[in-house]
Structures are given as C-alpha cells and as structure tokens.
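In what follows, chains are A, B, ... by sequence order, proteins preceding strands, each numbered from 1. All values reported here derive from a predicted model rather than from experimental measurement.
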Amino acid sequence: MKNQFYVTTSIPYVNGNPHMGHALEFLYADVIARYYRLKGYDVRLTTGTDEHGQKVQRAAEAAGVEPAAQAGVEAEHFKRLLEAYNCQYDDFVRTTEPRHEKSAHVFWQKMVDSGDIEKGVYEGLYCVGCEANKTEKDLIDGKCPIHEKTPEPISEENYFFRLSRYADKLLAFYNENPDFIYPAFRMKEMREIIASGLEDVSISRDKSRLSWGVSVPNDDNQVMYVWFEAVMNYVTSVGHGVDDAEFTKWWPADLHIIGKDINRFHTIMWPAMLMAAGLDLPQKVGVHGFITVDGKKMSKSLGNVIDPFALVAQYGVEPIRYFLLREMPFQDDGDFSYERLEARYQADLANGIGNLLSRVSNMIEKYSQGDLDPSPQELDYGKAAAMQYHDLIQKLEFSKALDVIWGLIDEANELIEQEKPWDLAKTDTDRLQVILAQLLYSLELVTEWLEPFMPETVHTMRSVLQRRPMVKAEPLFPRLEITK
RNA sequence: CGCGGGGUGGAGCAGUCAGGCAGCUCGGCUGGCUCAUAACCAGCAGGUCGCCGGUUCGAAUCCGGCCCCCGCAACCA
C-alpha cells in the first residue's frame, strides 16, 4: 500500500470573488489531506487559479489593466480565503505560470502525436451579447434567451479534440472502476451523457477573438480553449513536462474534488484527454453539492450571498469549519442558515464538546489532584467505532464521521450520569478513578479523531488534557447570547 | 416522453438497494441531577412516510399511474 496521497481542488476562475462554495471545497480537500497527513502519509494538496479566457480579458480591459495584473489580484484573494479557513495547501498553480504553459504545450503535443488533435472548421452560432458560442439547445425560438437576439452564424478554423473516439473507452473504464466517481449517481449521469453521444470538441480559439490564453504549439494564430488547458493544472503541479521524477512520484492523483457543475469536464473530457496523452487516470473524482441559503440558490440578484470572510470574522474559523463539514452532506446540496449555524454551535460545540471538557477537567482537578492516566476500562468502543470513523472519512462522508465523534461525547455524558462521580467521591474512590480515567480516554479519542476537522480546537483541548496537574478548562466555545 | 435528485412528526434528515412493531438531531413539555458553559441525563407529546391503485399474511420499502419541488443541459464551486 502506498503511503502517499495527492488531492486537488478545482481551480477557481478569477473573474469573481471567492464565495462560500470555494470555501467549502477547500475545506473538503483540507480535511482529507489532514487526515492522511496524520496517518503518516506523504500528502500533496494542490489548488490554484484559472486565469485565462474571455471573461478575464474583458474584465481587465474594463479596468484598464493588463489581464495578468487583474488575475494576480484575484489569485491573492483566493490565497487569503485558504488562510482564513485554515486550509493547508502544498501547491498553488496559477495557469499563467511558465511551468503551466510548458506543461500544457507538452500535453498538447502528446495528443497531437496520438492523432487525437486535428484541425477543423468550427461552425456555430455566436451571440454577440454573451460573447459566447451557442448550440441549438441553448436557443429559444432561435434566439439567445438572455439577450433575445438571433445569434450570428460563424465559421472559424480551430483545433478539435477527437473526444468522440473515447466514448467506448470511457464506458469501459467506468465498468472497471465503479468507484471512480463519487457519489455513484454522478457516474450514472455521465453514462447517460456518453450514451447520448460524444462530439469532438473545439479546443482552441482564434487570437483575433481571444488572445489571453496559452498559445497553441506551432501555430501563432490560436490559443488553447480555457477549459482544455485549465484541467491540466493537475499534472502541472506535479512536474508534468518539467520534472519527470516528480511527475512519476505523484501522478496519478488520488482524488480530485470538484463541484457538480463541472463533473463532465473531470469525468469525461479530462479522462479522455489523459488517455489521448497516454497518461494514467486519477483514482477518484469526488463530486460535491452546492450551498443554498434558506433553501435558495445563492445569487447576487436574490441578495442572499454570504461573504466567507465576514462569516469567519463573526463566528471564528473553527465553528464555521465544524458547521459546514457537519451540515453540508458531500453528495448533495446543503442548506446554510444562521439559525442552523447557531443551533449547531450551541448544541454541539458549547453544550457538547466544550461542556464535556469543562466538567471532566474540573473533576480530574478536584478528585484526582489533576493527575491521572487515561484508560478505557469502562466503555469499550471496540474496533467498530474506529472502523466506522476511518471508513466514513475515506468515503468522504465527513458529516457522518463527525456523527461518530459526537457519539463518543454522548456516551461520555451518559457515563457521568450513570456513575455520578460526585457521589463516588464520597463512597468509592477506586471506582471514581476508573471512571475518570475512562472519561479522559474518551476525550483523547475525540481529539484524535477531530483533528482533521478542527485542528485549533484539538490543540487547545490537548493543552488542557496533557497538562499536569490538570486544571479546569476555560470554556472552549462560550455560549452565544441569544438576542434574537 | 432530454437527464438526474427529492417529497417521512414544528424544522433538518436517516431508513427504500436485500418488504416485518416508523428512527435520529434540533426545537417543545415533564421529571431528575449538581461535576459542568442554566450545561448534562431520563421520559413524554407530535407523523394519513406527496396522491391513487396493485402485489403480499404484511409496503415508507416492490410494481403501475399521477401531482409537486429542485438541479443539470459544455465554460456558473
């Protein structure tokens, strides 16, 4: 079994500011990366920014700056988001970096060599308002539904990726690797799309229409289509085209974490591209859902956008990490509301883990002179809970893994109630020490399992639990004042 | 008939694949306790499991039909 783990996030497009969805995706990747680091694996977490394309070029023109400058500002913005959510990353790939252009050129050439890139004529419909190509399916009564204009037919010489050649190979790959896409129903969706037919895709643009991109090798008039080049960041990060030893060490990736909207690019186009280039395919793609707010999609027009920076500023990073990982099921959309957030904070953090630490640390200070070794004599969690925990994390079921941890907290509270240590202090001090040692053990297990999710909290808890003599802990999570 | 997800006590969900007394968390109510952040523990109330029909000794679960909500449909995490 190899003791390394390479995980990536998708790379945000820099035409917009960071939002909650980015924060959530970073968190998912951070938890799994921390989990494997704690297991002793050599872990690499790669994230970055997608900086080419029409929208960035236009935004820069509007702002009167160079596209590179525009992208640079946003790249820093996303790095601040990673810091704000305490996500540890090993590499941050900007698609405008020289190493990425080199990587993309090498990748392109491999596909040319395999005969999967050919020149062709792109004939399509172009909406001037959208500045984008449209398909018949996009139109209503032959008009762009956004601008209510009839798109202009255009004809442009582009390079095409022979995606149509890969339908059967992709399906065969799915059959051999039924766990390739998580959750499973996302694979079902992709099977449907493949079954309905894959067309060759245009993967370049004429520079007269778009110049802000990675140039096509040996053709001064074309740049690569943004999506085509952006996904290559996953190989760029590990030295593709630049450092063969590094690339051999890390590729293929163990896990790509992505949002459900870009599933097809990662589970159809990207695998096909890798096959065409003769490279191995990633082990798994985890497709997460979106965050809704009070049941509705977050959008500027609804005015319900939550600022991820303001949120951690108000509640602190650890409670927000907990809330998002506990309430947003990886597979589906999760709903955000301040009511749910405050309820979780109060019940699980203040009354749950925080209060348990207080009462146990206080009893050990009082009844054991603050000096005691942990021992699991009373409650045998056995291997079942541990197996459950590890299994759930590896399956990306973070919410359920946290459930398991909180099960330990509940059991500890129940044990206290059953044994009544304050009575034992008067009647049976031997029994009292056994119970306290058990409680200490339970808390240590909680810290061990919680570490990928709430590293700062665990750090604080350990400073209490490992101190000798132990003294009563300050509230980990002070109760929120209910003002509403 | 484009594809997919979903409709379960006040709220959020599990259970549906392998039919068998309808479960969890939050909230509400009652009681207990006092080590603890008025926290903790126990118990109670509350549900025609979207609708109609079928199979079955028995259906939230299987089959058929219908209604409603949400997402996707090549560049929106």
Side-chain angles (χ1 to χ4, degrees), chain A residues 9-13 15-16 18-26 28 50 53-55 130 132-135 137-138 163 183-186 188-193 195-196 198-199 201-202 225-228 230 257-265 268-269 287-292 295-299 326-327 329 331-335 337 339-340 342-344 346-367 399-400 403 406 409-410 412-425 432 436 439 472-480:
Chain A
T9 71
S10 62
I11 54 173
Y13 197 57
N15 68 329
H19 59 67
M20 287 309 303
H22 299 115
L24 181 64
E25 182 165 312
F26 290 159
Y28 287 141
D50 178 7
Q54 207 160 36
K55 289 181 181 174
C130 298
N133 295 326
K134 297 283 168 181
T135 64
K137 288 180 192 169
D138 295 326
L163 181 63
F185 71 85
R186 299 283 179 203
K188 213 172 141 191
E189 287 180 359
M190 294 304 109
R191 284 182 187 278
E192 294 289 345
I193 289 172
S196 69
L198 294 181
E199 292 174 17
V201 289
S202 164
Y225 171 49
V226 192
W227 255 113
F228 190 70
I257 291 185
I258 63 166
K260 64 182 185 178
D261 57 326
I262 52 176
N263 187 9
R264 64 176 58 201
F265 287 104
I268 293 179
M269 189 157 93
V287 186
H288 63 76
F290 288 173
I291 299 177
T292 58
K296 290 172 184 149
K297 198 169 175 178
M298 230 186 273
S299 75
R326 179 67 183 252
E327 288 268 319
Q331 327 190 9
D332 296 305
D333 290 355
D335 195 48
S337 75
E339 289 72 23
R340 301 283 302 164
E342 297 196 351
R344 278 290 183 192
Q346 211 78 301
D348 296 355
L349 300 182
N351 301 349
I353 194 169
N355 185 53
L356 181 66
L357 181 70
S358 291
R359 63 198 306 208
V360 171
S361 60
N362 182 57
M363 287 191 282
I364 291 175
E365 177 185 3
K366 250 185 183 169
Y367 303 138
S399 176
K400 289 181 182 171
D403 256 335
W406 256 258
I409 293 171
D410 290 342
N413 275 323
E414 286 160 27
L415 183 70
I416 294 172
E417 222 54 46
Q418 283 165 21
E419 300 287 342
K420 300 187 186 352
W422 50 94
D423 285 344
L424 292 178
L432 175 62
L436 294 180
L439 292 170
K472 182 185 170 187
E474 290 300 311
L476 263 186
F477 299 102
R479 286 179 63 80
L480 298 169

Between B:C72 and A:Arg264, is there an OP1 or OP2 to side-chain N/O distance shorter than 4.0 Å?
no

With sequence neighbours left out, write down each residue that passes side-chain hydrogen bond (donor to acceptor under 3.5 Å, both in side chains) with A:Arg326, or none if nothing qualifies.
A:Tyr322, A:Asp403

Which of these nucleotides, B:A77, B:U37, B:C35, is closest to any side-chain atom of A:His19?
B:A77

Could you check how far NZ of A:Lys188 sits from P of B:G71, rounded to whole Å?
20 Å

Listed nucleotide nearest any side-chain atom of A:Asn413, set B:A77, B:C41, B:A36:
B:C41

Kindly point out which of B:C41, B:A39, B:C40 is positioned nearest to the side chain of A:Glu414?
B:C41

Closest nucleotide among B:A77, B:G5, B:U37 to the A:Ser358 side chain:
B:U37

So, is A:Lys55 near the phosphate of B:C76, with a side-chain N or O under 4.0 Å from OP1 or OP2?
yes

Spacing between A:Asn263 atom CG and B:A77 atom P, to the nearest angstrom:
15 Å

Rounded to whole Å, the CG-P distance (A:Leu198 to B:C3) equals 17 Å

The side chain to side chain contact (heavy atoms under 4.5 Å, CB included) partners of A:Ser358 (sequence neighbours excluded) come to none

Let me know the distance between CG of A:Asp50 and C1' of B:C75, rounded to the nearest Å.
9 Å

For A:Glu327, what residues pass the side chain to side chain contact (heavy atoms under 4.5 Å, CB included) criterion, not counting sequence neighbours?
A:Phe323, A:Arg340, A:Arg344

Any donor-acceptor pair under 3.5 Å between the side chain of A:Tyr13 and the base of B:C76?
no

Using Watson-Crick pairs (N1 to N3, plus N6-O4 or O6-N4) and G-U wobble pairs, both distances under 3.5 Å, which stems of at least 3 pairs involve RNA chain B?
B:2-7 with B:67-72, B:10-13 with B:23-26, B:28-32 with B:40-44, B:50-54 with B:62-66

Summary of protein contacts for nucleotides 22-33 of chain B, nucleotide by nucleotide, where a base hit scores B, a sugar-phosphate-only hit scores S (4.0 Å, heavy atoms):
----------BS

Sugar-phosphate, base or nothing in reach of A:Gly259, heavy atoms under 4.0 Å
sugar-phosphate

Side-chain N or O of A:Lys472 versus OP1/OP2 of B:U37: is the shortest distance under 4.0 Å?
yes

Supply the atom-to-atom distance A:Arg479 CZ to A:Leu349 CG, rounded to the nearest 0.5 angstrom.
12.0 Å

Looking at every strand, decide which applies to A:Ile291 at a 4.0 Å heavy-atom threshold: base, sugar-phosphate, or nothing.
base

May I have the distance from A:Arg186 (atom CZ) to B:A77 (atom C1'), rounded to whole angstrom?
12 Å

In whole angstroms, how far is the C1' atom of B:C35 from the CD atom of A:Gln418?
16 Å

Check for a donor-acceptor pair, side chain of A:Asp333 on one end and backbone N or O of A:Phe290 on the other, with a separation under 3.5 Å.
yes

Want to settle it: does A:Ile416 or A:Ile409 sit nearer the 5' end of RNA chain B, counting the closest nucleotide to each?
A:Ile416

Nearest 0.5 angstrom please: A:Ile193 CD1 to A:Ile268 CD1, how far?
5.0 Å

The criterion is side chain to side chain contact (heavy atoms under 4.5 Å, CB included); which residues satisfy it with A:Glu189, sequence neighbours excluded?
A:Phe185, A:Arg186, A:Asn263

Return whichever of A:Glu199 or A:Ala473 has its heavy-atom-nearest nucleotide of RNA chain B closer to the 5' end.
A:Ala473

Respond yes when some side-chain nitrogen or oxygen of A:Lys260 is under 4.0 Å from OP1 or OP2 of B:G4, and no when none is.
no

Determine the Euclidean distance between corresponding P atoms of B:G71 and B:G58; express it in Å to zero decimal places.
41 Å

Can you tell me, in whole Å, how much space there is between the C1' of B:C3 and that of B:G43?
49 Å

Contact class for A:Tyr367 (heavy atom, under 4.0 Å): base, sugar-phosphate, or nothing?
sugar-phosphate

Pairing residues for A:Val360 by the side chain to side chain contact (heavy atoms under 4.5 Å, CB included) criterion, not counting sequence neighbours:
A:Leu356, A:Ile364, A:Ile416, A:Leu439, A:Leu443

Between A:Trp227 and A:Phe265 (side chain of the first, backbone of the second, donor and acceptor by atom type, cut-off under 3.5 Å), is there such a pair?
no

Identify, with sequence neighbours excluded, every residue that meets side-chain hydrogen bond (donor to acceptor under 3.5 Å, both in side chains) alongside A:Glu25.
A:Ser10, A:His288

Calculate the interatomic distance between A:Ile11 atom CD1 and B:C75 atom C1'; express it in whole Å.
13 Å

Between B:A36, B:U37, B:A77, which nucleotide has the shortest distance from any of its atoms to the side chain of A:Asn362?
B:A36

Report which part of the nucleic acid A:Leu24 touches: base, sugar-phosphate, or nothing (heavy-atom distance under 4.0 Å, all strands).
nothing

Starting from P on B:U34, measure out to NZ on A:Lys366 and report it in whole angstrom.
12 Å

A:Phe477 vs A:Asp348 side-chain heavy atoms within contact, under 4.5 Å:
no

Just to verify, what does A:Asp261 make a salt bridge (Lys or Arg N to Asp or Glu O under 4.0 Å) with, not counting sequence neighbours?
none

Pick the C1' atom in B:A11 and in B:A77, then give their distance to the nearest Å.
27 Å

Closest of B:G4, B:U37, B:C35 to the A:Glu189 side chain is B:G4

